[in-house]
Number of protein chains: 2
Amino acid sequence: MYTETEENYLKAIYKIAQKQGESSINTKSIAEEMGTSAASVTDMIKRLSEKSLLQYEKYYGVSLTKEGQKIAVHLLRKHRLWEVFLHDKLNFTWVEVHEVAEQLEHVKSDLLIEKLDAFLGHPKFDPHGDPIPNSNGSFTFRNQIPLSNIREKNIRIHVLAVKQHDSSFLKHLDDLKIKPGEVFEIIQFTDYDKSMKLLTKNGDQIVITHKVADAILVRPQ
Amino acid sequence: MYTETEENYLKAIYKIAQKQGESSINTKSIAEEMGTSAASVTDMIKRLSEKSLLQYEKYYGVSLTKEGQKIAVHLLRKHRLWEVFLHDKLNFTWVEVHEVAEQLEHVKSDLLIEKLDAFLGHPKFDPHGDPIPNSNGSFTFRNQIPLSNIREKNIRIHVLAVKQHDSSFLKHLDDLKIKPGEVFEIIQFTDYDKSMKLLTKNGDQIVITHKVADAILVRPQ
DNA sequence: AATTTATTTTAGATTTGTCTAAAATTTATA
DNA sequence: TATAAATTTTAGACAAATCTAAAATAAATT
């Protein structure tokens, strides 16, 4: 069994690897992700390396081993299932779920997580639209593209997920009534600043910047 | 905010005080409850004392302060609400719930616990029949007496709670189909060994020893 | 290629929670 | 009441996770 901190390091490394698309992760980026110093990261890296959870070459960064990856993915599964529980059953907003799930994901009981999964109806995606790995660690993939890629007007757009997860961004979207599951229509493109005007289901017209549109993943046609 | 270990000490001390009906708790009993050494207990006692969570007089044991009690009761509330969740929603048996709830009770979010309480329909008792304190820390009391106190035959007996919580005892009761919420009838008293024969709802006849009957709390007439 | 800058590692210290062994104190017993 | 037994505390050590400051190494720049 691993400590909560060890688990958090594995998760952080996995997350960085996903984002960067690279396998070799440097100390500094881990330190940033974990909100700690590079020195602390080096210490922890050595421990995790000795436990064969990651490969470590001095001065040249780390990469997760199969076992390390397995743990990280299992944590992701637990985190996202708890988020669904908090959102669907306890009526937390999709902005609020993350923080509490960060704690719940460390509860150690495989039975718990399998029963929770069943209780929730084996959901495939969390409230942010991120895929929930199954108990074997495999994800459900689906086609989704940034809203900013779409150039066609007057078609129904389905929001599937978001690329960013910081609460200020989520709150902004929430204020605009944009979240996974919602549907809207693009009614105007502005070439000048690449912003777009959307028509929401209840008739509201909202304008979003290119930066925001780029972080919203939608169903392609 | 307090560490998980600090919380567990407060809970242990509260539990011992309840059981013994005394306010002054000695080091040894805390060590036993926590599964650690008396030396470790002394260390922790000092810390908790400095944080004003308990009163400590060297060599003469400890007692919880108002603040210490408040934390212990809040933990009890969280523990028991999670037990209801695990039992009622996830179909854990009443034997299994305790261990997982031990972990869940340390998740820190008051919002979570209030939402969970509402989701569960504001339950007043957990799967073992123990009362769940409300958010102000007050318990629902009800009349309940040990089954061993009853001398009357051929009346409906309602099981409300149990006095012991170790899993071997719970498993034994579960095998006999006795648990809170069940109803049965006493059909025979044996003076010799103080055992009693019960008739369960589905027609089974079971015999329980005096020791077991003493740990079962039932609704008095 | 030499030097500056950025990154990483090491060294040494701190906190939390634990341990064992020994000393101190209280309680029980003769 | 003196001694033995039980309990509690102290002292010193250890592991986990962190920190700061300094040293080592790699990467970037002139």
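Per chain, numbering begins at 1; letters A, B, ... match sequence-line order.
- Pairing for C/dT20 is with D/dA11, a Watson-Crick or G-U wobble pair whose two hydrogen-bonding atom distances lie under 3.5 Å.
- Note that CD of B/Glu83 is 9.0 Å distant from CD of B/Glu105, once rounded to the nearest 0.5 Å.
- Within the 3.5 Å criterion, the main-chain N or O of A/His106 finds a donor-acceptor partner in the side chain of A/Lys108.
- Residue A/Met44 contributes atom CE, which lies 14 Å from atom C1' of D/dC19 at whole-angstrom precision.
- Side-chain contact of A/Asn136 with A/Ser138: a donor-acceptor pair under 3.5 Å is absent, judged by distance alone.
- Against DNA chain D, the stretch residues 1-10 of chain B makes no heavy-atom approach under 4.0 Å.
- Not less than 6.0 angstrom separates the ring centroid of A/His98 from the ring centroid of A/His165.
- Two residues are said to be in side-chain contact when any heavy atoms from C-beta on lie closer than 4.5 Å; B/Tyr56 and B/Ser63 fail this criterion.
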Nucleotides 8-14 of chain C: protein proximity per nucleotide (B base, S sugar-phosphate only, - neither; heavy atom, under 4.0 Å): BBB----

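- Residues A/Lys70 and A/His74 have side chains not in contact (no heavy-atom distance under 4.5 Å, counting atoms from C-beta outward).
- Inter-residue side-chain proximity for B/Met196 and B/Leu147 is flagged as met; some heavy-atom pair is nearer than 4.5 Å.
- Here the CG-CZ distance, from B/Leu90 to A/Phe85, works out to 7.5 Å after rounding to the nearest 0.5 Å.
- Look at B/Thr36 and you won't find any side-chain N or O under 4.0 angstrom from OP1 or OP2 of C/dT18.
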